[in-house]
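Notes follow once the structure below has been shown.
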Amino acid sequence: MPKTGLYLLQGIAPAQVAASPFDVRVIDAYDENGTLWTRDQVTQMGGGSADPHLLLGYFSIGEAETYRDYFKTIPAAAIGPENPQWEGNFQVAFWTDAWKQVATRYVDNLIKAGYDGAYFDVVDEYQTAWAKGQVANPGQAMADLVKYLADYAHAQNPNFKIWANNAEELLTNDTYFNAIDGMFKENLYYTDSGQKQPADETAYSLELMNKMVAAGKDVIAIEYVSGSEKVADVHAQADRDGLGSYVAHLDLDGIDYEGVRPGDGAGIPAAPAEPVAPAPVDPITSPDTPASGTPPTTGATDPDDSGTGTQGGAPPQSGTDDHPHAGRHHGHEAGSRGHDPLASGDDSFVFRGSGDHCGSGRGQQAAAENEAGQDPMSLYLQHSWGGHHHGHHDHA
């Protein structure tokens, strides 16, 4: 039976995630203040073999994000053009040893924290004009990186899962296909604006993803729609195609229950516990990583979650919440605007929330919603029967 999915990058409350009915749960590894979730919180949200749910930690494998602490460790030569849709998100030379080290440490922290697997976003970076101009075979380079990370993870935890977002064209590469266990596919049936995708676009993606379904690997459609008619249509199409589904908020802020059907997640508790703000703790770091940095600032202005990124301007400065994690649409346009590489003279790698916020910066809003009593069950009862992350399609 196809699995249901949850895609949650901000507004994350461990108690709500724990009470949610979704089989596969993708969350950002950082809380709203830029601190890694603790191992206890990861376990609470479904991580570990004792819980039947699959908890996956998010990692953007194809873009370097200025609001992550690793950014200052990347050599200037490995930084490519800025994503014109999302300020502070830069294409990265994913085929280099420098980026491999960043990705390895990121995955290492997910393993140590007790996640069931990693979820790789922006895999389709290999399709961009910049990547094609930098390396002879960017598709193979991305496949090799994913395989390397899968092998690294499996050496520590043979049951660690590797999931990916979009990039269904790469499924024709056996190295890549054999390295992943499942995938999300955004906007398979509907566009972000709620319009039907052209039939040939949907058919094209389905034909590629049938390889996953035939091999017993899960595919979950992520659709940014609302309204009972469109939600029912998503369910009907996904059921027909043998896929799971999740109807998501466009900004991936908070859990969307509109697409939950009766019978999904039979283990939902009748009265889920109210979320409790976690006490400040040191994040899990790799053994060779020094724990340093200053506490994150608070009270900064929330990022724009209107669904359109800020174009132009300099990337966010350290110590602010002005980054595009809210409402981020992953993927690339072929004509990405160029940007002078950023210089970096810091050779250290600090994987923790310091002055550079790594979380979504939406803590105040999430706290207000929790205060208002918007717990998972009440939302489920309201919506059980009732809205970006573009993939890059290059059919040539």
**Asked** Does the side-chain contact (heavy atoms from CB on, under 4.5 Å) test come out yes or no for Y189 and D233, once each step is laid out?
**Response** CA-CA 9 Å; Y189 304 117; D233 185 53; 5.6 Å; no
**Message:** For Q197 and N187, which I'm curious about, is there any donor-acceptor pair between the side chains at under 3.5 Å?
**Reply:** no
**Asked** Without hydrogens or angle criteria, can the side chains of E186 and N166 be said to hold a donor-acceptor pair below 3.5 Å?
**Response** yes
**Request:** Go through Q91 and T128 one step at a time and tell me if the side-chain hydrogen bond (donor to acceptor under 3.5 Å, both in side chains) criterion holds.
**Result:** CA-CA 9 Å; Q91 295 181 55; T128 65; 2.9 Å; yes
**Centroid-centroid distance, Y7 to Y246, less than 6.0 Å** =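 No, ring centres 6.0 Å or more apart.
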**Request:** Verify the ring-centre separation between F90 and W99: is it less than 6.0 angstrom?
**Result:** no
**Asked** Of W163, Y106, F184, which is the lone residue that meets ring pair (Phe, Tyr, Trp, His ring centres under 6.0 Å) with Y119?
**Response** F184
Looking only at non-hydrogen atoms, find the nearest pair between [X] and [Y] and report the distance.
| X | Y | answer |
| --- | --- | --- |
| V213 | D241 | CG2-O, 4.4 Å |
| A118 | L110 | CB-CD1, 3.8 Å |
| K3 | D23 | CA-OD2, 3.4 Å |
| S49 | D116 | N-OD1, 4.4 Å |
| A167 | Y176 | O-CE2, 4.4 Å |
| P14 | Q44 | CB-OE1, 3.3 Å |

Any [X] side-chain heavy atom under 4.5 Å of [Y] side chain:
| X | Y | result |
| --- | --- | --- |
| F22 | D264 | no |
| I220 | M183 | no |
| Y257 | V247 | no |
| K161 | Y115 | no |
| T175 | D144 | yes |
| D253 | L9 | no |
| F160 | Q156 | no |
| R25 | L54 | no |

**Asked** Checking side-chain hydrogen bond (donor to acceptor under 3.5 Å, both in side chains) for the pair Q41/T38: CA distance, chi angles, key distance, verdict?
**Response** CA-CA 5 Å; Q41 290 169 323; T38 67; 3.3 Å; yes
To the nearest 0.5 angstrom, please state how far the [atom1] atom of [X] sits from the [atom2] atom of [Y].
| X | Y | atom1 | atom2 | value |
| --- | --- | --- | --- | --- |
| K196 | T202 | NZ | OG1 | 8.0 Å |
| K230 | E258 | NZ | CD | 10.5 Å |
| T73 | R68 | OG1 | CZ | 13.5 Å |
| M212 | L243 | CE | CG | 10.5 Å |
| S245 | R261 | OG | CZ | 5.5 Å |
| E223 | L188 | CD | CG | 6.0 Å |

**Request:** Carefully, step by step, assess Q140 and Y126 under the rule side-chain contact (heavy atoms from CB on, under 4.5 Å).
**Result:** CA-CA 9 Å; Q140 187 61 51; Y126 79 92; over 6 Å; no
Please confirm whether the backbone N or O of [Y] pairs with a side-chain atom of [X], one donor and one acceptor, at under 3.5 Å?
| X | Y | result |
| --- | --- | --- |
| T35 | D31 | no |
| E32 | Q10 | no |
| H235 | G259 | yes |
| N157 | A153 | no |
| N178 | D174 | yes |

**Message:** Is there a side-chain hydrogen bond (donor to acceptor under 3.5 Å, both in side chains) between H53 and D51? Walk through the geometry before answering.
**Reply:** CA-CA 6 Å; H53 303 94; D51 192 299; 2.6 Å; yes
**Prompt:** Stepwise, does the ring-ring contact (aromatic ring centres under 6.0 Å, His included) test hold for F120 with Y58?
**Reply:** CA-CA 6 Å; F120 296 150; Y58 175 96; 9.7 Å; no
**Message:** Run S205 and M209 through side-chain contact (heavy atoms from CB on, under 4.5 Å) and show every step you take.
**Reply:** CA-CA 6 Å; S205 293; M209 294 187 299; 4.2 Å; yes
**Asked** Counting only heavy atoms not in K147, do more than 12 fall under 6.0 Å of its NZ?
**Response** no
**Request:** Walk me through it: do I61 and V146 pass the test side-chain contact (heavy atoms from CB on, under 4.5 Å)?
**Result:** CA-CA 9 Å; I61 198 172; V146 172; 3.9 Å; yes
**Asked** Can you list the steps and then say if D121 with N165 is a side-chain hydrogen bond (donor to acceptor under 3.5 Å, both in side chains)?
**Response** CA-CA 5 Å; D121 196 14; N165 189 30; 2.8 Å; yes
**Request:** Establish, yes or no, whether the cationic atom of K211 lies under 6.0 Å from the six-membered ring centre of F177 and within 45° of the ring axis.
**Result:** yes
